[in-house]
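Values below: every heavy atom of this structure, side chains too, minus hydrogens, waters and symmetry copies.
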Amino acid sequence: MECALAAPTEASDRARIEKLLSVVRATRPLPDADGALYYSANVTGRAQVFRQPAAGVEPEHLQPGDTRMLPHAHTPRGLLVRADRGGDEIWQLGMIEAGGFRALTTDPRALHRSVCVHPDQERVGLSWNPDGQADLVLGELDLASGALSRWAEPGGFWEWAAWSPDGRRAAVVKVMGTPTEAYLLDRDGGLTQLLAGALRAHPVEWLESGILVMTDLGRDFLGLALVEESRPNAVARWIFAEDRDLEGVIVDPTATRAAVVVNEGIYDGIRIIDLGTGESLDRVGLSPGVVTSDHSGGPDYHVGWSADGSRLFVSWEQPTRPAEIFEWPGGTRWTFTSEPPAGLIDPVEVVFESFDGLRVPGLFYRIDESPRPAVVQFHGGPEGQSRATFNPQAHLLNSIGINLLLPNVRGSTGFGMRFQSLDDKTLRWDGVKDGCEAARHLKRTGVATKTAAMGGSYGGFMTLAVLVEDPELWDAGVDVVGIADWHTFFANMPPWRGVLRVHEYGDPNGPEAEFLREISPIHRAHLIQAPLLVVHGRNDPRVPVEESEQIARATGAELMIFEDEGHGIAALTNQVTFNRRVLEFLAANLG
């Protein structure tokens with residue numbers, strides 16, 4: 001039989017949904033030498049810095065304010081922090097000292113990225129773009145004066161990866177989406193490339209024994225290689241080389257071991273490995289989940305070693321619990337920022353066959369065996385992967401009788417470089433066809449009665465694209481910070497974003513110009529039949545707000561703009577408003 005949707009009427013149901021609407025996470029664990037833990041949590045509405053002297057005790061809130069702020073590194077001068085405003089990702093640097101807060105950067109239009117503390121702990125290496133220019137500069141910042149010194153401006157989007165052990169050179173990375181090129185940088189600007197044949201060479205750590213590089217060189221999956229400074233284009237030794245992708249590498253303070261985050265499907269595994277032999281010494285034993293990854297940094301940014309290397313702290317997220325910080329060894333839980341309701345559903349792994357026979361994996365949050373309405377939710381990226389994170393929208397939808405399928409269409413990460421390349425440039429629409437096949441699979445197998453498309457960022461583009469590819473297939477759509485027109489997307493984004501994204505999507509003024517016009521949903525917006533809800537943050541630096549404004553004008557869709565948000569909805573009060581409207585919209589159109 002079919003199950004109809006019903007708005008929650010019981011007080012217990014309403015309380016359950018209210019609890020899910022406000023998601024609190026603890027991220028970026030940074031232990032100090034005295035045994036205390038610094039971290040970031042959004043318990044006040046936006047991510048802020050907290051200090052906790054021991055596991056489970058009440059934390060101290062440091063430097064309260066209206067900015068998003070994260071602890072970045074301990075230095076003799078104080079705690080180095082990163083901060084932005086309204087989600088704009090224009091990261092600034094500051095120091096929390098005994099006398100209070102001291103700003104280190106003064107250019108409000110420049111983002112300050114990839115900050116690496118020098119061995120003398122009196123300066124940091126970083127990249128920045130003065131006055132918001134397109135190209136990033138590589139250089140150093142003095143922690144006492146805030147003075148910036150340039151080393152090089154090679155053109156493009158660059159990150160400072162690591163200092164050499166003697167502090168005289170650096171490893172740096174040119175980022176072009178999935179393709180990344182690693183180089184050794186001299187103070188005079190000279191560059192020597194590492195592993196020139198690799199599609200990806202990032203991140204990089206520089207040890208006395210050699211240079212550690214996470215790379216795909218000669219492989220389908222990302223591994224961990226050791227490279228000798230004297231032979232920069234050869235792998236001296238593979239330390240990790242399995243048919244699974246690495247998500248991150250965190251070297252301990254003694255530089256003898258590393259914690260490696262391994263993509264094991266919908267969940268992560270964290271292994272402690274010996275850097276000399278590659279031997280696995282231990283496995284971090286936590287309930288099935290993943291290391292947190294967000295706009296502030298990847299998995300390696302949300303794992304931290306204690307100063308003596310005896311303990312590891314992990315921001316660990318499970319399908320039924322938002323990110324909390326745990327300790328290895330022993331699995332002690334340090335933070336208790338959120339307590340979700342009981343009885344939430346774990347996703348199961350599913351696979352369906354697409355139009356050309358490709359087997360497409362995904363996650364399915366299914367309430368029971370009854371036919372029900374279903375939402376197909378597309379991840380962002382496109383260099384992304386839907387995994388078993390805490391997805392509040394999944395549980396909210398389940399709470400009102402809707403199933404949720406998250407397909408990892410071709411082009412997703414985590415399944416090897418070949419799978420990831422299947423939607424590059426002029427192949428992009430094949431991934432859109434995968435998205436339509438996901439909904440057809442649900443209907444063909446009798447699982448879904450009605451289907452809606454939903455996604456954020458690149459997932460927002462996917463939502464609009466599937467609505468125009470097969471208008472009659474869908475009963476509703478929710479586009480969050482999505483791309484409607486590839487040409488206006490490039491024209492209106494900050495210059496530094498353009499140099500980063502053109503390698504993945506194609507050049508709007510080059511050979512792919514006409515193809516980008518053809519696949520822009522705005523030019524076929526008149527085909528969209530399903531009711532559409534469009535959501536955006538005014539300060540979004542990744543997808544300009546004009547993308548949502550123009551698709552709303554073209555379709556007559558309902559448009560929600562949050563004036564104090566960036567690329568996604570972060571503030572707790574805004575999460576409540578946003579998720580409540582999404583629930584109402586989908587219940588009305590799928591019921």
Side-chain angles (χ1 to χ4, degrees), residues 28-32 38 70-83 89 91-95 104-105 110-129 136-154 156-175 180-187 189-192 194 201-214 224 227 229 248-255 258-259 275 296-305 307 309:
R28 181 52 182 166
L30 188 68
D32 70 7
Y38 291 73
L70 300 106
H72 187 72
H74 295 294
T75 77
R77 296 184 177 275
L79 179 68
L80 180 65
V81 298
R82 301 165 61 209
E89 298 181 57
W91 294 104
Q92 304 296 326
L93 303 178
M95 191 76 73
L104 285 169
T105 55
L111 59 153
H112 303 82
R113 293 182 50 86
S114 57
V115 181
C116 298
V117 179
H118 188 273
D120 68 11
Q121 295 191 294
E122 291 295 330
R123 49 191 156 145
V124 295
L126 75 165
S127 61
W128 75 98
N129 61 331
L136 271 73
V137 175
L138 292 162
E140 61 183 88
L141 178 144
D142 184 274
L143 294 178
S145 65
L148 286 162
S149 304
R150 296 180 180 225
W151 282 33
E153 188 176 345
F157 192 93
W158 289 79
E159 293 187 351
W160 193 284
W163 288 94
S164 62
D166 62 9
R168 296 180 179 179
R169 305 179 77 194
V172 296
V173 175
K174 184 176 184 180
V175 182
T180 55
E181 297 172 353
Y183 295 83
L184 304 183
L185 173 66
D186 296 307
R187 188 176 288 273
L191 290 166
T192 303
L194 292 173
H202 179 247
V204 180
E205 287 280 355
W206 201 330
L207 312 179
E208 294 283 359
S209 57
I211 301 161
L212 286 178
V213 186
M214 200 165 84
L224 183 61
V227 179
E229 187 176 353
V249 179
I250 310 93
V251 177
D252 84 340
T254 69
L275 291 175
S296 71
D300 50 358
Y301 195 64
H302 296 290
V303 178
W305 286 96

Below 30° counts as parallel, above 60° as perpendicular, anything between as tilted: where do the rings of W158 and Y183 land?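 Aromatic pair W158/Y183 classed tilted.
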Backbone N/O of [Y] and side chain of [X]: donor-acceptor pair under 3.5 Å:
X: D186; Y: G189; answer: no
X: H118; Y: G167; answer: yes
X: R82; Y: L70; answer: no
X: S114; Y: E159; answer: no
X: T180; Y: A201; answer: yes

Pairwise distance [atom1]([X]) to [atom2]([Y]) - rounded to 0.5 angstrom:
X: L138; Y: R187; atom1: CG; atom2: CZ; result: 12.5 Å
X: H74; Y: L30; atom1: NE2; atom2: CG; result: 3.5 Å
X: L111; Y: W91; atom1: CG; atom2: CH2; result: 10.5 Å
X: W151; Y: L185; atom1: CH2; atom2: CG; result: 6.0 Å
X: L126; Y: H112; atom1: CG; atom2: NE2; result: 7.0 Å
X: L136; Y: W160; atom1: CG; atom2: CH2; result: 13.0 Å

Stepwise side-chain contact (heavy atoms from CB on, under 4.5 Å) check, E122 with R77: CA-CA 8 Å; E122 291 295 330; R77 296 184 177 275; 2.9 Å; yes
Looking at [X] and [Y], what are the two nearest heavy atoms and their distance?
X: V81; Y: M95; result: CG2-N, 4.5 Å
X: I250; Y: W305; result: O-NE1, 2.9 Å
X: A255; Y: L275; result: O-CD1, 3.7 Å
X: L141; Y: L104; result: CD1-O, 4.2 Å
X: S164; Y: P119; result: O-CG, 3.9 Å
X: E205; Y: A162; result: CA-CB, 4.2 Å

Salt-bridge test for R123 and D142: reply yes if a basic N is under 4.0 Å from a carboxylate O, no otherwise.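 No.
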So do V172 and L191 actually touch side chain to side chain, heavy atoms under 4.5 Å?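 With C-beta onward as the side chain, the pair touches.
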Do T105 and Q92 have side-chain atoms, one donor and one acceptor, less than 3.5 Å apart?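 On atom types as modelled, these side chains qualify, holding a pair under 3.5 Å.
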Quick check, are the ring centers of Y301 and H72 under 6.0 angstrom apart?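 Yes, the ring of Y301 comes within the 6.0 Å limit of the ring of H72, centre to centre.
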